[in-house]
Amino acid sequence: MRKILTSEEFKAEAEALMLSTQATIIIFSGFIKSSAVHWLKDHVKDSVEVTLVGRFSASDLIKGASDLEVYKICKEQSWKVGILNNLHSKVFIFDYEHLMLGSANLTMRGLSLEGYGNIELGTKLVPSDEDLKRIEGMQEDIVWIDDDLYEAMQKEIDSFDIEENEQ
């Protein structure tokens with residue numbers, strides 16, 4: 001059995017797990033793009049509770065590594081979105097029964113969702129109770145995005161755009 005998955009294999013395995021997930025998907029990804037969230041939305045049943053956690057730093061948003069629009073898309077789906085400032089991990093959890101780890105961010109290039117993508121590697125495993133406790137521990141420091149935080153973040157990004165144009 002193959003343990004290391006290429007970009008295409010990782011994407012195919014993630015899609016299969018999304019379609020079979022019954023209750024919960026949690027994704028930690030340093031960068032998250034709205035186009036990849038639309039892809040996720042297309043592969044997840046409406047009844048599944050989805051949680052996305054990204055870095056969402058001002059510099060990442062300004063550079064376009066992540067999109068603040070992710071919050072709006074997720075809010076429409078009643079999905080949770082959180083911020084973990086020093087996040088670099090890429091972890092996809094399906095019903096706490098399957099876990100995928102790899103180098104791929106939740107972006108079009110990271111998951112090779114349209115044509116050319118990054119060269120990524122990943123693996124799929126069945127998490128132990130200890131693995132799940134470690135991931136649960138990561139969630140203690142998450143700042144959850146709500147409308148007020150979204151608005152504040154949007155103002156910060158907008159003010160940077162104005163300052164940059166003036167310079």
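Hydrogens, waters and symmetry mates play no part in the numbers below; they use all other heavy atoms, side chains included.
A ring-ring contact (aromatic ring centres under 6.0 Å, His included) check over residues 122-145, counting only residues at least two apart or in different chains, returns nothing. Screening residues 72-87 for salt bridge (Lys or Arg N to Asp or Glu O under 4.0 Å) gives K75-D147 as the qualifying pairs, with residues at least two apart or on separate chains.
By the side-chain contact (heavy atoms from CB on, under 4.5 Å) test, E136 is found to be paired with no residue, residues two or more places apart in sequence or in another chain being considered. A search for side-chain contact (heavy atoms from CB on, under 4.5 Å) contacts involving S20 returns L17, not counting sequence neighbours. Residues satisfying the salt bridge (Lys or Arg N to Asp or Glu O under 4.0 Å) test with E9, not counting sequence neighbours, are R2. By the side-chain contact (heavy atoms from CB on, under 4.5 Å) test, S128 is found to be paired with E130, D131, residues two or more places apart in sequence or in another chain being considered. Legend: residues meeting salt bridge (Lys or Arg N to Asp or Glu O under 4.0 Å) with K11, ordered by chain and number and at least two apart, are E8. The ring-ring contact (aromatic ring centres under 6.0 Å, His included) test applied to Y71 returns Y150, not counting sequence neighbours. Legend: residues meeting salt bridge (Lys or Arg N to Asp or Glu O under 4.0 Å) with R55, ordered by chain and number and at least two apart, are D60. The ring-ring contact (aromatic ring centres under 6.0 Å, His included) test applied to F94 returns no partner, not counting sequence neighbours.
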Return a table of donor-acceptor pairs under 3.5 angstrom between the side chains of residues 40-50 and protein atoms on other chains or two or more places apart.
unit_1: H43; atom_1: ND1; unit_2: W39; atom_2: O; d: 2.8
unit_1: K45; atom_1: NZ; unit_2: L19; atom_2: O; d: 3.0

Using residues 103-110 as the side-chain source, report each donor-acceptor pair under 3.5 Å to any protein atom, sequence neighbours left out, with the distance given to one decimal.
unit_1: S103; atom_1: OG; unit_2: E120; atom_2: OE1; d: 2.4
unit_1: S103; atom_1: OG; unit_2: L121; atom_2: N; d: 3.2
unit_1: S103; atom_1: OG; unit_2: L121; atom_2: O; d: 3.4
unit_1: N105; atom_1: OD1; unit_2: S29; atom_2: OG; d: 3.2
unit_1: N105; atom_1: OD1; unit_2: G30; atom_2: N; d: 3.3
unit_1: N105; atom_1: OD1; unit_2: F31; atom_2: N; d: 3.1
unit_1: T107; atom_1: OG1; unit_2: G110; atom_2: N; d: 2.9
unit_1: R109; atom_1: NE; unit_2: N118; atom_2: OD1; d: 3.2
unit_1: R109; atom_1: NH2; unit_2: N118; atom_2: OD1; d: 3.1

